[in-house]
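Data block below; observations after.
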Amino acid sequence: METDTAHAVLTIDLAAIVANWRALKARHPSGGVAAVVKADAYGLGARPVAAALHGAGCRHFFVAWLEEALAVRDVLPGAMLAVLGGLVPGTEATYTAQALTPVLCSLEDIDRWQNRGEAILHVDTGMSRLGLAACELAALAADRARLDGMAIRYAMSHLVASEVPDDPVNRLQHGRIAAARAMLPPWKFSLANSSGIFLGPDFASDLARPGAALYGLNPTPGQPNPMRSVVHLMVRVLAVRDIPAGATVGYNATWKAERPTRIATAALGYADGYHRSLSNRASACFDGTPVPLVGRVSMDLTTFDVTDHRGVQPGSWLEVLGPHLSPDDLAAAAGTNGYEVLTSLGRRFQRVYRTA
Ligand SMILES: *Cc1c(COP(=O)(O)O)cnc(C)c1O
């Protein structure tokens, strides 16, 4: 492993992603489990992640945009590769040429896909972003000829608040989905995202679409995380200095030493997706014990109080994400969710993919 010269090393455990996919399959016996690899597999690298899952037998993949599908098509031979974002006018021939599956999100999408083969049909049951509204479904049901020459492989919908099992919107959506399906031919259905898989049998379908849980985010917030940890980010200490009581650290002097303090400056900043909102609020780990972040996160540098960790020296490594410090933990400190932490992970890290 060529890490000697690296400032930061992001290790991505492909074996853990595969193990998470298998665990989700075991929890979704009603049907298949796809892999959502949009946004570069939530920042972890769509090509290596998709190839690893394909190698493990996964045959259904979703991305957000056509460009993302084209970037992974060749590593997914024989697999369904569907584009969630709808059928942009003028791209139909590319879908056909590359054997991609459009997710039709409107009556206009449907009309443009006539006589072009397989598709997925998105039904909106509460997100109000993409998908056919109830009145459009009624129009479609009254005019089935619009579906001529296409095979709907799945109808699908997307849950609004699956990570909050008690949210009444889950029941509401369950009812709306039943009503929508009653208007349509008996197509297979695709429903649950990661957290939806944990909502129980009422939300099971022919094809679940997890993303987050594959990448180790907790699909059951507030409960122990059933998924394996996937990312490990280690960053280098560039400098260590002792400052007297009263000295301040970083831009705008937002932190002042109450005692003589030892500060470690690490090679990490908001340009690496280490959110500025973590300033004075997060920790890293040295040898498994927390070291508090002090002062502002700047573009390339972040400062930690290592007064109680005499072993920290220039060249030492701090753990920023890993088994002791999950992306969900970092997200809580930053005031966001684990999805944003993962998709923000920077491009400057040396990336190492573990396969065993
Ligand atoms: C992103 C996305 C998913 C995956 O959601 P997770 O919460 O990451 O499991 C599933 N379906 C649709 C439509 C999505 O946009």
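Atoms within a ligand are numbered from 1 in the order they appear, just like the ligands themselves. Everything numeric in this text was worked out from a predicted model, so none of it was measured.
Nearest protein neighbour of atom 7 (O) of ligand 1, counting heavy atoms only, is Tyr339 OH, 2.6 Å. Nearest protein heavy-atom contact of atom 5 (O) of ligand 1 is Asn193 CB, 3.4 Å.
Near Lys38, the atoms of ligand 1 lying under 4.0 angstrom from a non-hydrogen atom of the residue are 1 (C), 2 (C), 3 (C), 14 (C), 15 (O). In the vicinity of Pro210, heavy-atom distances shorter than 4.0 Å reach the ligand 1 atoms 9 (O). Shown in contact with Ser194 at under 4.0 Å from a heavy atom are these atoms of ligand 1, numbered in order with element: 6 (P), 9 (O).
Ligand 1 is never approached by Phe62 to a heavy-atom distance shorter than 4.0 Å. Proximity of Ala213 to ligand 1 is not established, as no heavy-atom distance is less than 4.0 Å.
Relative orientation of the Phe304 and Tyr274 rings is tilted, given thresholds of 30° and 60° on the angle between their planes.
Residue Val36 has no nitrogen or oxygen atom sitting less than 3.5 Å from a nitrogen or oxygen atom of ligand 1, judged on distance alone.
Between Arg181 and Phe189 there is a side-chain heavy-atom pair separated by less than 4.5 Å.
With a 4.0 Å heavy-atom cut-off, ligand 1 is reached by the backbone of Arg209 and by its side chain too.
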Leu318 and Cys285: CA distance, side-chain angles, deciding distance, side-chain contact (heavy atoms from CB on, under 4.5 Å) verdict: CA-CA 6 Å; Leu318 300 180; Cys285 273; over 6 Å; no

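You'll find the ring centres of Phe203 and His174 inside the 6.0 Å limit.
Asp305 and Thr307 are linked by a side-chain donor-acceptor pair at a separation below 3.5 angstrom, with hydrogens and angles left out of the test. Between the side chains of Ser326 and Asp328, no donor-acceptor pair is found at a separation under 3.5 Å.
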